[in-house]
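Chain naming here is simple, since letters A, B, ... match the order of the sequence lines and numbering starts at 1 in each.
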There are 2 protein chains.
Amino acid sequence: MGKLSTAVSCGNCSVKRLCLPVGLSEEDIQRLEHVTRKKKILKTGEPLFRAGDPFSNLYAIRSGSFKSAVIGADGDTQVTHFALPGELLGLDAYSSGAHPGYAEALEESSVCVLPFTQLESLAQQVPALQKQIYSIFSEELKQENEALLLLGKRSAESRLAALLINISSRYARRGYSASEFLLTMPRMDIANYLGLTAETVSRLISRFQKQGLIRVRGRAITILDLIALSELAGTHCSYEGS
Amino acid sequence: MGKLSTAVSCGNCSVKRLCLPVGLSEEDIQRLEHVTRKKKILKTGEPLFRAGDPFSNLYAIRSGSFKSAVIGADGDTQVTHFALPGELLGLDAYSSGAHPGYAEALEESSVCVLPFTQLESLAQQVPALQKQIYSIFSEELKQENEALLLLGKRSAESRLAALLINISSRYARRGYSASEFLLTMPRMDIANYLGLTAETVSRLISRFQKQGLIRVRGRAITILDLIALSELAGTHCSYEGS
DNA sequence: CGCACCCTTGATCGTTTTCAAAATGTGTGG
DNA sequence: CCACACATTTTGAAAACGATCAAGGGTGCG
């Protein structure tokens, strides 16, 4: 109740220009903060939610990174998304009332817990928030379409190049270096996401390094030749939306 | 203004239980009809919208079928979705204000043209409509995740089996036969959607027929052994949502 | 009826998977 | 700080799956 609350508010959150507050007035942001009070910290590998969990919250990533995945009927999983700060998790659970897949922290991460019913009624009163929610849904759909393009038509080489560029540009958008970043996910998750095997990913990373396109030290990546990498990807650098 | 209007209204539309009216009262449906006045008929191959077109409308499919596709930077396309009556097209255009991909009729089809700004303000007043819009967005995301699972992990055989089951169950949901239906899309589009070549699709269809799983006459498909097909697909029959 | 397009079928080629093993990295407790 | 155990990553060789190239057969529309 005191002013000493350690809870970070939307107003001073480092990802507010990527998250729900976009387009909101100071006053509206204050109203939004009633919804975003609850935070959660997760350790590496800890699940944010599991497949089948009832849908009650959305989660806004404040820091760290996540993978989300769906589980097929025969038990095998497909990583569908790597999520970075400012992005929302759980949107696909609304229609059925339960999470169709799970989400798991790839490193020490923190999220805002957003009770959806509260968010929904606030959005009903604040058109700018409504628009932002539509926008996030829509953006998500667009990104999934791009992911489909990647999986459907491209060679293994193309896919990995595209992923590296994608992640690089998303980090850049958040104010980090575009050329040097950490690939927080294990090779196996990358492979799964790209529809490949861990061995193929490993071979490709080695090859990219030999060709002087990137430098690799463990999970740390330095992009040395963005142009060449973009050509391999077959998609221009502007892989991200808006 | 007269009662003789030939325009089909939501109230008596054959897909109203799959479309925006879900959950709406009679009164709300009448208000919705002000937004859904405009219809459009398309012939086979005619585009509903093109990549880059400004976003102003959503389109609700009343009859027929569509493919939607995105176009990569180097010009090649990926079919991302086959859309059937009751489904909405254009949702992924909201965030950027322009359609990132195109949609094209696969047969003589008809759609409701929904000016989004009107729909948006009506939804602001009608919570049930708001919920239905969220639900459709969310459902769409879930379906794309399932498509990713398909493309990422499965063999060609699995993918085709899953597509057949998916389409079958979607027709069934609309009141048509689950075991006999028309594959309105050319083989090449199926192949593209599944990340395969037309030749592979053709071979697989032949093989499924030889194995007694399906019967094929041109684009007409009869499913003879749903169980076996489901096993091949690796996903249970309930491929669709909710 | 003829032409164009779509679909089928066959043979070969290439990429990616699979199987196997070694090397590197990570975390733990001594 | 080091040593050990375990997981992840890298690398190699062989096999498989689907792509590509090529030709022939249907089907529908003018």
- Query: Closest heavy-atom contact between A:R187 and A:I205?
  - Reply: NE-CD1, 3.5 Å
- Message: I'd like to check B:L89 versus B:V111 (side-chain heavy atoms, cut-off strictly below 4.5 Å). Are they in contact?
- Response: no
- Task: Using side chain to side chain donor-acceptor pair (under 3.5 Å) as the criterion, list what pairs up with B:T44, not counting sequence neighbours.
- Result: none
- Less than 4.5 Å apart, any side-chain heavy atom of A:L141 and any of B:F137? yes
- The contact string for nucleotides 24-30 of chain D, one letter per nucleotide 5' to 3', using protein heavy atoms under 4.0 Å with B, S and - for base, sugar-phosphate only and none, comes out as -------
- Checking C:dT18, C:dT16, C:dC7 against the side chain of A:A156 (C-beta onward), the nearest is C:dT16
- Set of salt bridge (charged side-chain N to carboxylate O under 4.0 Å, His left out) partners for B:D53, sequence neighbours left out: none
- Item | Which atom of A:P186 lies closest to which atom of A:L106, heavy atoms considered | CD-CD2, 4.3 Å
- Item | Sequence neighbours excluded, every pair satisfying side-chain hydrogen bond (donor to acceptor under 3.5 Å, both in side chains) that has a member inside residues 76-90 of chain B | B:E87-B:R170, B:E87-B:R174
- Given the rule that a pair is Watson-Crick or G-U wobble with both distances under 3.5 Å, how would you write DNA chain C in dot-bracket, using | for pairs to a different strand? |||||..|||||||||||||||||||||||
- Task: Look at all strands and tell whether A:R159 reaches a base, only sugar-phosphate, or nothing, counting heavy atoms closer than 4.0 Å.
- Result: nothing
- Note on the structure: Residues pairing under side-chain hydrogen bond (donor to acceptor under 3.5 Å, both in side chains) where one sits in residues 201-223 of chain B, two or more places apart or in two chains, turn out to be B:E157-B:R207
- Item | Length of the CG-P vector between B:L196 and C:dT15, whole Å | 18 Å
- Message: Would you call the rings of A:Y171 and A:Y176 parallel, tilted or perpendicular, taking 30° and 60° as the class edges?
- Response: perpendicular
- Query: Between atom CZ in A:R154 and atom P in C:dT15, what is the gap in whole Å?
  - Reply: 17 Å
- Query: Counting only non-hydrogen atoms, which of residues 198-214 of chain B are less than 4.0 Å from DNA chain C?
  - Reply: B:E199, B:S202, B:R203, B:S206
- Query: What is the distance, rounded to the nearest whole Å, between atom CG of A:L194 and atom C1' of C:dT16?
  - Reply: 13 Å
- Task: Within residues 182-190 of chain B, find the residues that approach DNA chain C with a heavy atom at under 4.0 Å, and present them sorted by residue number.
- Result: B:P186, B:R187, B:M188
Can you give each donor-acceptor pair under 3.5 Å made by side-chain atoms of residues 54-70 of chain A, sequence neighbours left out, with the distance rounded to 0.1 Å?
residue, atom, partner, partner atom, Å
A:R62, NE, A:S110, OG, 3.1
A:S65, OG, A:E107, OE2, 2.6
A:S65, OG, A:T184, OG1, 2.8
A:K67, NZ, A:D189, OD1, 3.0
A:K67, NZ, A:D189, OD2, 3.2

- Message: Any heavy-atom pair between the side chains of B:F208 and B:V216 that's under 4.5 Å?
- Response: no
- Item | Point-to-point distance, once rounded to the nearest 0.5 Å, from CD1 of A:I190 to CG of A:L164 | 7.5 Å
- Message: With rounding to the nearest 0.5 angstrom, report the CD to CG distance, A:E146 to B:D92.
- Response: 9.5 Å
- Note on the structure: Here the distance between atom C1' of D:dT9 and atom CZ of A:R219, to the nearest Å, is 10 Å
- Task: Report the residues that fulfil side-chain contact (heavy atoms from CB on, under 4.5 Å) with A:A178, sequence neighbours left out, ordered by chain and then residue number.
- Result: A:S168, A:A172
- Positive for side chain to side chain contact (heavy atoms under 4.5 Å, CB included) with A:R159, one of A:L196, A:L204, A:L232, A:T200: A:L196
Every protein N/O lying under 3.5 Å from an N/O of nucleotides 23-29 of chain C:
none

- side-chain contact (heavy atoms from CB on, under 4.5 Å) partners of A:S177, counting only residues at least two apart: A:S179, A:E180
- Would you say A:T197 reaches C:dT16's phosphate, i.e. side-chain N/O to OP1/OP2 under 4.0 Å? no
